[in-house]
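Notes follow the structure.
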Amino acid sequence: MTAPSTSMPVAGLVPAPRQEDAPADLLVRNAKVFTGDPDRPEARAVAIRDGRVTALGDDHSLAHLVGPGTRVVDGLGRRVIPGLNDSHLHVIRGGLNYVLELRWDGVRSLRHALAMLREQAGRTPKGQWIRVVGGWTAEQFAERRMPTVAELNAVAPDTPVFVLHLYQSALMNRAAVRAAGFTRETPDPRGGQIVRGRDGEPNGVLLAAPGALILYSTLAKAPALDEADKRTSTRHFLRELNRFGLTSAVDAAGGFQNFPDNYATVVDLARSGELSLRIAYHLFPQTAGQELADLKRWTEMVKPGDGDEWLRLNGAGENLTWAATDFENFSEPRPELGSYEPEFERAVRLLLENGWGFRLHATYDETIRRDLAVFEKLAAEGLFPGGSRWLFDHAETVSADSLDRIAALGGALSVQNRMSFQGTAFRDRYGAETAAHTPPVRAMLDRGLTVAAGTDATRVSSYNPWVALHWLVTGRTVGGTALYPAGNLLDRETALDLYTRGGARLTGEQDVKGSLREGWYGDLAILSDDFLTVPEHAIPDIESVLTVVGGRIVHASAEYAGLDEAVPPVSPEWSPVAHFGGYQSGARQASLVAEAVAESEQHRRWRVARGSTPETPPSFIDPCFEH
């Protein structure tokens, strides 16, 4: 009935003699299936054949679909959901660098984070860097503080260490400052600051003031992988995303992601059938001053929809012109943008006239209003609303009036949980009343707008979608700070819809994925805990124990370990991922937190006694911390 070496044992399930239905390739039974289909929200079993759902029902009604080659998986009563779709993830760039990065995502104490650094320094070869890039904030640590440059120097005296913190700052040890070539003569770049000591020498702190280019350009000085290792790195990053139930993502392109060169790895994996995540990608002009030339060249090379169900072009963005881009560093005041409308209008016109959709990075309503004025001018010519999909990304402070204008022009929105990591900084700058509807997700939905959810990983937010879903449901930061009233929170089914059907709508795939329905893609996840009923505080700890994409088992753990496809070993061998893995789950961290809390409190009381810190600590430690 089943191949015992590759399937969960199932007792008492006997194929019925019916012949009119071809056997399924995969049958998941004995599960609590949330389909995402309002017309049929629940099932107990799902059958998949040729990569698509062929039937939904219960164990008895689908028994006739079991044949000699059917792989049968016992859901063990667990929750099954449609595969998750991150609508704004820098998956292509993230994959090219994943195995080089030491991930602090999910690490709950600074003490443990520094121990990871010390251990990695012992195995990192000369000439390579240790890079901690995104997915963490000081609020997640039991100590509630950033590391210091002195601590980085102590744990890694000779190996360059670069630690990126949100959109705000980066810390570098002495070895990294030397490796990056920073000296007292190095000028501050526009929008950034190299912090210096009394002697004028760089002290290891870089600040986005307010632009983050200084952070990313410094990171780009670190050694890159060769082509073979980029391929392996990408496969492991996709497997890591599958670990959390992700089966699709919309790649938002981004800085230092050139087309077509930096897309070659995912194209190669797609051609060889080795992608384990469906990717719809965007193209992002990289060089200020030549954006229009790039966009024109691309419209002559490719068109949206090119590709297949695994890898396809979706449009342009999230930048169209650099001058129109605001910054998202909530520790700094909102940037004042210069005049950008003429060039921006030409870019939008070029795209729409060639049938291209686009997405736009816009953090503040001040930027969104200016963009909408350009769109409304083009609407008079019939270009809006048109047949091309377009959306605003982020939109943290979008106003009610702007939402109405977006709806009138046929636009959509993609929101990310950047407030999970920066919410406290935003509240401290703009006040709790403003933070309470930043972004106004419920107001977006109440207007009937298409809204999709994502993370904006990997350089700031974590790629763990359950952290984002926790934020949508609870309105809390990763440090537990409550930001939103009940009126700006989502129920769990609505939040899940933003993470499944929402992303499909942004790519025009709403009729083939985002729900479990007959004829739709066979993409699903069996969860470690039931998202619909688990206590709110446990949502970020959810993982998938079995992830299926197009009928292929691409991730398997717990009782299902060994059922998934093999991936090559992590390379290079000294990779942090080879030793620590990716996201650090709560279970791995729990034993270390109590020690860190006790040690941190003892240290704080010592500082209070010396008069070097207030009795009541601030809510958040800014990157410009005391040394």
Side-chain angles (χ1 to χ4, degrees), residues 50-52 82-96 227 230-231 234-235 237-239 241-242 246-254 257-286 294-320 350-352 354-359 387-391 393 412 414 452 454 500-514 519-523 548-552 554 565:
D50 296 330
R52 298 202 176 215
L84 298 180
N85 185 349
D86 190 319
S87 69
H88 186 121
L89 177 65
H90 297 279
V91 59
I92 294 174
R93 185 178 65 197
L96 298 178
E227 293 306 316
K230 285 179 181 177
R231 200 176 193 280
T234 297
R235 290 198 66 186
F237 184 48
L238 299 185
R239 176 61 61 91
L241 299 176
N242 298 148
L246 281 162
T247 59
S248 291
V250 188
D251 185 81
Q257 184 170 311
N258 291 288
F259 179 80
D261 296 351
N262 296 131
Y263 293 71
T265 298
V266 291
V267 169
D268 178 52
L269 290 172
R271 286 173 176 164
S272 62
E274 294 175 277
L275 288 181
S276 63
L277 189 84
R278 304 183 192 274
I279 301 173
Y281 62 89
H282 286 251
L283 303 185
F284 181 123
Q286 295 294 307
D294 284 341
L295 292 172
K296 186 176 188 302
R297 177 166 48 87
W298 294 336
T299 61
E300 296 169 350
M301 292 172 56
V302 290
K303 62 182 184 299
D306 282 355
D308 58 20
E309 65 189 63
W310 289 95
L311 183 67
R312 62 201 299 267
L313 173 62
N314 197 51
E318 59 184 292
N319 276 12
L320 302 185
L350 172 68
L351 293 170
L352 295 181
N354 284 277
W356 277 58
F358 58 87
R359 64 192 310 158
S388 300
R389 294 182 301 274
W390 70 273
L391 65 133
D393 277 307
S414 175
T500 50
R501 294 197 296 173
R505 294 184 187 107
L506 296 188
T507 58
E509 298 173 283
Q510 65 272 17
D511 294 328
V512 290
K513 71 178 178 182
W520 290 34
Y521 294 157
D523 301 350
V548 174
V549 189
R552 294 163 45 200
V554 297
E565 302 171 348

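Numbers for residues simply follow the sequence, beginning at 1.
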Atom pair [atom1]/[atom2] of [X] and [Y] - distance to nearest 0.5 Å:
{"X": "Leu89", "Y": "Ser248", "atom1": "CG", "atom2": "OG", "value": "11.0 Å"}
{"X": "Asn354", "Y": "Leu295", "atom1": "CG", "atom2": "CG", "value": "10.0 Å"}
{"X": "Leu241", "Y": "Ser276", "atom1": "CG", "atom2": "OG", "value": "8.0 Å"}
{"X": "Asp294", "Y": "Thr299", "atom1": "CG", "atom2": "OG1", "value": "11.0 Å"}
{"X": "Trp298", "Y": "Leu351", "atom1": "CH2", "atom2": "CG", "value": "10.0 Å"}

Does any non-hydrogen side-chain atom of [Y] lie less than 4.5 Å from one of [X]?
{"X": "Leu283", "Y": "Val302", "answer": "yes"}
{"X": "Glu309", "Y": "Val512", "answer": "no"}
{"X": "Trp356", "Y": "Leu313", "answer": "yes"}
{"X": "Leu96", "Y": "Gln257", "answer": "no"}
{"X": "Arg239", "Y": "Glu565", "answer": "yes"}
{"X": "Asn262", "Y": "Arg93", "answer": "no"}
{"X": "Val267", "Y": "Leu311", "answer": "yes"}
{"X": "Val548", "Y": "Thr247", "answer": "no"}

key: By side chain to side chain donor-acceptor pair (under 3.5 Å) - contacts of Arg271 (at least two apart)   =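 Counting only residues at least two positions away or on another chain, Arg271 forms no side chain to side chain donor-acceptor pair (under 3.5 Å).
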
request  = Kindly write out the residues that satisfy side chain to side chain donor-acceptor pair (under 3.5 Å) with Thr500, not counting sequence neighbours, or none if the list is empty.
outcome  =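 Thr500 satisfies side chain to side chain donor-acceptor pair (under 3.5 Å) with no other residue.
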
task = With side-chain contact (heavy atoms from CB on, under 4.5 Å) as the test, would you mind laying out the steps for Thr507 and Arg312 before giving the verdict?
result = CA-CA 9 Å; Thr507 58; Arg312 62 201 299 267; 4.0 Å; yes

message = Applying side-chain contact (heavy atoms from CB on, under 4.5 Å) to Trp520 and Arg52, what does each step give before you reach the verdict?
response = CA-CA 5 Å; Trp520 290 34; Arg52 298 202 176 215; 5.9 Å; no

Considering all heavy atoms of both residues, which atom of [X] and which atom of [Y] are nearest to each other, and what is their separation?
{"X": "Trp310", "Y": "Leu275", "answer": "CZ3-O, 3.5 Å"}
{"X": "Ala253", "Y": "Gly317", "answer": "CB-O, 3.7 Å"}
{"X": "Pro304", "Y": "Gly357", "answer": "CG-N, 4.4 Å"}
{"X": "Gly514", "Y": "Pro82", "answer": "O-CB, 3.7 Å"}
{"X": "Val250", "Y": "Gly503", "answer": "CG2-O, 4.4 Å"}

task = Kindly determine whether Arg278 and Glu509 satisfy salt bridge (charged side-chain N to carboxylate O under 4.0 Å, His left out), including the steps that lead there.
result = CA-CA 11 Å; Arg278 304 183 192 274; Glu509 298 173 283; over 6 Å; no

ask   = Under a 4.0 Å N-O cut-off, is there an ion pair linking Glu300 with Lys296?
value =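 Yes, Glu300 and Lys296 are salt-bridged.
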
task = Mind running salt bridge (charged side-chain N to carboxylate O under 4.0 Å, His left out) on Lys513 and Asp523 for me, showing each step along the way?
result = CA-CA 8 Å; Lys513 71 178 178 182; Asp523 301 350; 6.0 Å; no

For [X] and [Y], indicate whether the former's side chain and the latter's backbone hold a donor-acceptor pair under 3.5 Å.
{"X": "Asp86", "Y": "Ala249", "answer": "no"}
{"X": "Arg501", "Y": "Gln510", "answer": "no"}
{"X": "Asp268", "Y": "Arg231", "answer": "no"}

ask   = Is there a donor-acceptor contact under 3.5 Å linking the side chains of Ser414 and Ser87?
value =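 Yes - a donor-acceptor pair under 3.5 Å links their side chains.
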
query = Side chains of His88 and Glu318: donor-acceptor distance under 3.5 Å anywhere?
reply =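 Checked: His88/Glu318 side chains pair up, N/O donor to acceptor below 3.5 Å.
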
request  = Would you check, one step at a time, whether the test side-chain contact (heavy atoms from CB on, under 4.5 Å) holds for Val549 with Leu277?
outcome  = CA-CA 7 Å; Val549 189; Leu277 189 84; over 6 Å; no

key: ring pair (Phe, Tyr, Trp, His ring centres under 6.0 Å) involving Phe237 - partner list, sequence neighbours excluded   =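 Ring pair (Phe, Tyr, Trp, His ring centres under 6.0 Å) list for Phe237, sorted by chain: Tyr98, Tyr463.
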
query = What class does the angle between the rings of Phe358 and Trp390 fall in, given that below 30° is parallel, 30 to 60° is tilted and above 60° is perpendicular?
reply =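 Phe358 vs Trp390 ring planes: parallel.
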
From Gln286, His282, Met301, Arg297, residue fulfilling side-chain contact (heavy atoms from CB on, under 4.5 Å) relative to Phe259 =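 Only one option passes, and that is Met301.
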
query = side-chain contact (heavy atoms from CB on, under 4.5 Å) between Leu238 and Glu274: does it pass, once the steps are laid out?
reply = CA-CA 10 Å; Leu238 299 185; Glu274 294 175 277; over 6 Å; no

